[in-house]
Amino acid sequence: MKPTALALACVTSLLASHASFAQDPVRISADLESQVIEWRRDFHQNPELSNREFRTSKIVAEHLRELGMDVQTGIAHTGVVGILKGGKPGPVVALRADMDALPVTERTDVPFKSRVTTEYRGEEVGVMHACGHDMHIAMLMGAAEKLTAMREDIAGTVMFIFQPAEEGAPKGEEGGAELMLEEGLFADLKPDAVFGIHVGSSAPTGYIAYRSGPLMASADRFEINVQGVQTHGSRPWGGVDPIVAAAQIINNTQTIISRQTNITNGPAVVSFGIVDGGVRNNIIPDEVYLEGTIRNFDMDNRAQIFEDLKTTAEHTAKSSGAEAHVHIDEGYPVTVNDAELTEQMLPTMKRVAGADKVVVSPLITGAEDFSFYALEVPGLFVFLGVTPEGQDPATAPSNHSPYFYADEAALKVGTEMYVNWVFDYSK
C-alpha cells in the first residue's frame, strides 16, 4: 500500500526527533547540582594538604559505597577508586579528580572560606583549596551519582579515580598519580581512556579550553653544587672561586635552549630560582648552591636538556678549576592529549558547554600529574573556566592565589562533561 503524505511526514518527524534526542547531552537535575555545590563548600571549608586527605577521602569512599560501587581505599596513602559496571558490555572509561589543597591562607570573603591551619615545613600555615580541587572532587562525586542512576544505560565500566597529592608529596614522601600507578591502579582493570578536568580563572564560567597533543609542560627540578676552594677575598688566586664559576654556569646554560634544543618540537625554558653561597663580603666560599626548573613540551627534548645541562655545568665549572655536581629531580612529564580521543570527544564538549564556549587552549607552562595516566592510556585533559560574568579573566586572581575565586555555576558544566564523556566514548 502506498504511504500517504501524512504518514511519511509522521515518520520523518519521528526520525528527526530520535536524531535530535541522540544528540542531546545528558543533564543533571537542579537537586543534584545543589548537592554538588554543597559538597564543594564542605570540602572548601575543610581542606587538607597532600597525602593528608583523610577526611576528604573518607567522605568520597562513603559516597561511592552508598551508590553500590566496588571501592578501594588507601591507594597512594589516601587515594580512592570506585568501579561502576554498566548494564551493557563495552570499554573501561576512567574519570579522575584530585583532592589536595595548598599551604595558602585564604583571603576571599566567601561565607564558606577556609580557616584551617596546619604545620607545613615546620611552620604554621593556612590551608586553602586555592587551585579548585574542591570543585573537582564535588563534580566527580556528582557524576558518580548520575551515572549510577543510569547504570543500565552504560556500555562498559567506569573507574572513578580520586587522587591525592597532585600538588606534590611532602618532602621525603611519594604520592600522586605516579604512586597510584606504581601501586597497581591500572594493573587489574586498565582503562581504554582517561579523562580529567581542571578549573581555572583564565576563562569565563562554563568555557572549556582544550588542546590536542601537548597541553601542559613537563616540570623538573635541578640542583647544581659548585665546589671551589675557599680563600680570602683579597687573594682570589689563593683558591678557586665557585661564585664566578656559578655565574658562568647560569649564563652558559641559557644557550641550551637558544642554541642546542630543537625548539620546533616545542618551547622550553631553563630558569634558576635559588643562588646561595657565601657568608661574608671578604671571604670567597668553597661552595655555591644553585637550584632551578626546566619546562618543556617534548619528551625527547626533555631528555636532551637533562644531558646538556649536566655537560654544560660540569665543563663550565672545570674551565674555572671548580667542580659542578648536577642532580635532576624528574617531576611531571608533558601532559599530552591523545589526538584521536580529543577529536572524538570535541562534539561532546560542544554539546555540553555550547559550541561558542569551547576554545583551543594555548600551551601552558604549568604542569599536571594527570600526565602519568596519559602515558599509560589515551587521555584527555581540559580546563573549565570559573571566572564569573563581569570580571576579566585576564586580571582575575589566578590558581594558587589566596584570592582565587571560583564561580559555582561551572560545577554543573563539569559534572555533565564527565557524564557525557562516558556515554559518548562508549558509542
Side-chain angles (χ1 to χ4, degrees), residues 121 168-174 176 178 214 216-336 363 365-367 369 371-372 375:
R121 294 184 178 176
K171 189 174 182 179
E173 298 182 22
E174 294 181 294
E178 187 175 23
M216 301 183 73
S218 58
D220 306 292
R221 185 177 66 89
F222 64 86
E223 300 173 347
I224 304 175
N225 286 285
V226 185
Q227 191 69 48
V229 177
Q230 186 271 328
T231 186
H232 197 284
S234 66
R235 300 180 67 255
W237 57 86
V240 176
D241 192 338
I243 293 179
V244 172
Q248 292 170 340
I249 289 170
I250 292 170
N251 284 331
N252 290 347
T253 52
Q254 300 311 304
T255 65
I256 292 173
I257 305 303
S258 67
R259 291 296 179 270
Q260 300 174 58
T261 303
N262 183 358
I263 59 172
T264 63
N265 293 336
V269 65
V270 175
S271 295
F272 287 83
I274 297 175
V275 180
D276 184 22
V279 294
R280 185 176 169 86
N281 73 300
N282 62 349
I283 299 175
I284 293 175
D286 58 4
E287 186 178 12
V288 171
Y289 173 79
L290 307 174
E291 187 175 324
T293 187
I294 304 167
R295 304 293 170 115
N296 117 102
F297 291 91
D298 180 85
M299 294 296 280
D300 291 335
N301 276 3
R302 184 193 194 205
Q304 187 62 50
I305 291 169
F306 291 170
E307 183 178 331
D308 290 343
L309 178 65
K310 188 174 186 293
T311 299
T312 300
E314 289 176 351
H315 286 221
T316 299
K318 188 175 182 180
S319 70
S320 300
E323 294 181 356
H325 304 279
V326 180
H327 170 73
I328 297 174
D329 182 11
E330 294 189 30
Y332 299 165
V334 181
T335 302
V336 180
L363 290 171
T365 50
D369 76 348
S371 54
F372 288 108
L375 287 175

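The main-chain N or O of Gly277 is never found under 3.5 Å from a side-chain atom of Glu287 such that the two would form a donor-acceptor pair. Asp329 contributes no side-chain N or O that, together with a main-chain N or O of Phe222, makes up a donor-acceptor pair within less than 3.5 Å. Remark: the backbone N or O of Ile250 is paired with a side-chain donor or acceptor of Thr253 at under 3.5 angstrom. With hydrogens and angles disregarded, a donor-acceptor distance shorter than 3.5 Å links the side chain of Ser319 to the backbone of Thr316. Under the 3.5 Å distance criterion, the side-chain polar atoms of Thr311 are left unmatched by any main-chain donor or acceptor of Asp308. Distance alone, capped at 3.5 Å, places no donor-acceptor pair between the Asn296 side chain and the Gly266 backbone. Between the side chain of Arg295 and the main chain of Thr365, a donor-acceptor pair closer than 3.5 Å is present. For Thr231 (side chain) and Arg235 (main-chain N/O), a donor-acceptor pair under 3.5 Å exists by modelled atom type.
The minimum heavy-atom distance linking Ala245 with Ala322 is given by the pair CB-CB, 4.1 Å. Scanning both residues, Ala313 and Ile249, for their nearest heavy atoms gives O-CD1, 3.7 Å. For the pair Phe297 and Ala217, the tightest heavy-atom approach, listed with the atom from each and the gap, is CE2-N, 3.4 Å. The heavy-atom pair separating Asp298 from Asp300 by the smallest distance is OD2-N, 3.1 Å. The minimum heavy-atom distance linking Phe372 with Gly331 is given by the pair CZ-O, 3.7 Å. Summarising the geometry of Pro285 relative to Ile243, their closest heavy-atom pair is CD-CD1, 3.7 Å, with the distance given to 0.1 Å.
To the nearest 0.5 Å, atom OG1 of residue Thr293 and atom CG of residue Asp220 are 7.0 Å apart. One finds the CZ atom of Arg302 at 15.0 Å from the CG atom of Asn265 (value rounded to the nearest 0.5 Å). Of the inter-residue distances, the one linking Ser271 atom OG with Ile257 atom CD1 reads 9.0 Å to the nearest 0.5 angstrom. The CD atom of Gln254 sits 12.0 Å away from atom CZ of Arg259, with the distance rounded to the nearest 0.5 Å. A distance of 4.5 Å separates NE2 in His232 from CG in Asn282, rounded to the nearest 0.5 Å. Note that OG1 of Thr312 is 4.0 Å distant from CD1 of Ile256, once rounded to the nearest 0.5 Å.
Within the 4.5 Å cutoff, no side-chain heavy atoms of Ser218 are placed close to those of Ile294.
Heavy-atom contacts from other residues, nucleotides or ligands closer than 6.0 Å to CD1 of Ile263 number 12 or fewer.
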Worksheet item: Going through the distances and angles, do Arg121 and Lys171 end up as a side chain to side chain contact (heavy atoms under 4.5 Å, CB included)?
Response: CA-CA 9 Å; Arg121 294 184 178 176; Lys171 189 174 182 179; 5.7 Å; no
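A side chain to side chain contact (heavy atoms under 4.5 Å, CB included) with Met216 is found for one member of Thr335, Leu363, Val334, Val336 and no other, namely Thr335.
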